[in-house]
Every structure is written in C-alpha cells, then in structure tokens.
Amino acid sequence: MAIDRQGTGLTIIRVALGVFFLFEGIGKLGWLFDSSILAGRLNGWLADAAAGSTSRWYLEHVAIPGTAIFARLVPIGELATGLALIAGFWTSITAFLAFLMVLNIHVASGALFQYAFLTNGYGLPVLGSTLGLAMGGVRLPLSLRR
C-alpha cells in the first residue's frame with residue numbers, strides 16, 4: 001500500500017493551521033464580551049495608516065463601523081475554522097473562508113502592503129497555506145468529511 005505523500009503533507013498543514021486558528025480564537029474570546037479591545041486595535045491601525053491608503057479607507061468605512069459585529073465574528077470564526085480544519089470538515093471551503101478572514105485582518109492592519117509582511121509568520125505563510133488548502137484540500141487522509 002502506497003502512502004499518499006501529497007495528501008499526508010496537506011493533512012499536516014490542515015491540522016497545524018487548525019491548531020493555530022483554534023488558539024488565535026481562544027486568545028480573542030474576550031472580544032465577545034468587550035468589543036473595545038478590538039476597537040482599540042483598529043484605532044491604533046487607523047492612527048498608523050497613511051492618508052488615502054487602502055487600509056485607512058477600509059478601517060474608516062468597513063472595520064471601525066462594524067466593530068461590534070467583527071468583535072463577535074472573528075473569535076467565533078477562528079474557533080470554528082480551527083475545529084473544522086483539525087477535524088477535516090469541509091476543508092476547502094473552511095480554508096477559503098480562513099484565507100478571506102486573514103486577508104481582511106492584514107488589509108485592516110496595513111501589513112499586507114509592507115515589506116515586513118513577507119517575513120511575518122502570520123502573513124504570507126498563513127495566507128499561502130490557507131489558499132493552498134482551499135485549492136487542494138479535498139479528500140485528505142484523516143478527514144471527517146472527504
């Protein structure tokens with residue numbers, strides 16, 4: 001019996017990302033009860049955003065007006081993503097939604113448009129891994145739903 005090397009490799013990435021998202025969500029559980037934690041972070045990013053930048057526009061028109069909603073959605077989304085990836089439940093869809101969630105955070109913080117994004121462990125490796133799983137994460141070994 002041959003080992004599915006690609007499937008096994010993607011399964012390792014799936015589980016590792018699942019653990020990452022699970023603990024990111026656990027770290028943000030306080031946001032569920034106090035949206036001012038997120039508001040402080042968003043306002044800090046706004047203070048650092050250059051006038052006319054995509055990040056400034058996004059913060060002013062989407063993120064800050066939606067702080068109360070995002071303060072609940074982000075931790076729940078990260079927890080659900082983590083559990084779904086660990087279990088292998090709808091991996092491609094879950095990974096794509098995780099990709100969008102991470103991209104959203106990087107646009108808001110302005111990190112996506114900086115050189116440091118390329119060396120940040122939360123940046124390119126997470127976006128690349130989630131996008132890779134979204135594209136190739138079907139029928140992986142040890143998945144609840146293949």
Side-chain angles (χ1 to χ4, degrees), residues 6-7 9-146:
Q6 287 85 8
L10 285 173
T11 298
I12 292 168
I13 291 170
R14 185 197 81 211
V15 172
L17 276 174
V19 171
F20 170 77
F21 279 110
L22 180 65
F23 282 92
E24 283 290 315
I26 289 170
K28 293 179 179 98
L29 283 175
W31 294 13
L32 293 171
F33 309 104
D34 184 8
S35 62
S36 69
I37 300 167
L38 176 59
R41 184 171 295 172
L42 294 175
N43 285 317
W45 291 340
L46 182 62
D48 293 338
S53 68
T54 303
S55 294
R56 178 171 284 282
W57 181 92
Y58 183 77
L59 287 164
E60 291 175 340
H61 294 92
V62 178
I64 291 174
T67 298
I69 294 167
F70 291 130
R72 275 89 184 158
L73 287 179
V74 170
I76 291 169
E78 287 179 344
L79 289 168
T81 295
L83 293 173
L85 287 175
I86 290 168
F89 188 74
W90 286 352
T91 299
S92 292
I93 294 168
T94 301
F96 184 69
L97 293 173
F99 172 80
L100 293 176
M101 184 169 48
V102 172
L103 186 64
N104 174 52
I105 291 167
H106 285 297
V107 169
S109 71
L112 187 63
F113 309 111
Q114 297 176 3
Y115 175 80
F117 174 78
L118 299 174
T119 60
N120 179 340
Y122 290 100
L124 196 56
V126 175
L127 282 175
S129 297
T130 54
L131 191 56
L133 278 175
M135 295 172 66
V138 294
R139 294 185 283 285
L140 296 178
L142 302 174
S143 293
L144 238 158
R145 182 176 174 124
R146 296 174 146 234

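Ser53 and Ala49 make their closest contact through OG-CB, 4.0 Å (heavy atoms, listed as atom of the first residue, atom of the second, distance). Taking both residues in full, the closest heavy atoms of Ser143 and Gly88 are given as CB-O, 3.5 Å, listed atom of the first, atom of the second, then distance. The minimum heavy-atom distance linking Val62 with Trp57 is given by the pair CG2-CZ3, 4.1 Å. Across every non-hydrogen atom of Lys28 and Val74, the tightest pair is CD-CG1, 3.8 Å. Minimum heavy-atom separation, Leu42 to Ile64: CB-CG1, 3.9 Å. Smallest separation of non-hydrogen atoms from Ala95 and Ala134: CB-N, 3.6 Å.
A donor-acceptor contact shorter than 3.5 Å links the side chain of Ser55 to the backbone of Val107. Of the possible polar contacts, none joining the Ser35 side chain to the Trp31 backbone as a donor-acceptor pair under 3.5 Å is found. A donor-acceptor pair under 3.5 Å is formed between the side chain of Thr94 and the backbone N or O of Phe89. Judged purely by atom type and a 3.5 angstrom limit, Ser129 uses its side chain to pair as donor or acceptor with the backbone of Pro125.
Taking CD1 of Ile13 as the start and OG1 of Thr130 as the end, the distance is 11.0 Å to the nearest 0.5 Å. Note that CD1 of Ile86 is 11.5 Å distant from OG1 of Thr91, once rounded to the nearest 0.5 Å. Summarising the geometry, atom CG belonging to Leu124 is positioned 10.5 Å from atom CG belonging to Leu131; distances are rounded to the nearest 0.5 Å. The distance from atom CZ of Phe33 to atom CZ of Arg72, rounded to the nearest 0.5 Å, is 9.0 Å. One distance of note links CG of Leu73 with CZ of Phe70; it measures 7.0 Å at 0.5 Å rounding. To the nearest 0.5 angstrom, Leu38 atom CG is 11.0 Å from Leu32 atom CG.
Surrounding CD1 of Ile69 are at most 12 heavy atoms belonging to other residues, nucleotides or ligands under 6.0 Å away.
Phe117 and His106 have perpendicular rings, their planes meeting at more than 60° on a 0 to 90° scale where under 30° would count as parallel.
No option in Ile105, Leu103, Asn120 other than Leu103 meets the side chain to side chain contact (heavy atoms under 4.5 Å, CB included) test with Leu112.
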Yes or no on side-chain contact (heavy atoms from CB on, under 4.5 Å) for Arg41 and Ile37, after CA distance, side-chain angles and deciding distance?
-> CA-CA 7 Å; Arg41 184 171 295 172; Ile37 300 167; 5.7 Å; no
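For the pair Thr81 and Leu17, the minimum side-chain heavy-atom distance is 4.5 Å or more. Between Val15 and Leu85, every side-chain heavy-atom pair lies at or beyond the 4.5 Å cut-off. Side-chain contact check for Leu22 versus Glu78: every heavy-atom pair is 4.5 Å or farther apart. Residues Phe20 and Tyr122 meet the side-chain proximity criterion, which asks for heavy atoms closer than 4.5 Å.
Applying the ring pair (Phe, Tyr, Trp, His ring centres under 6.0 Å) criterion to Phe113, with sequence neighbours excluded, gives no partner residue.
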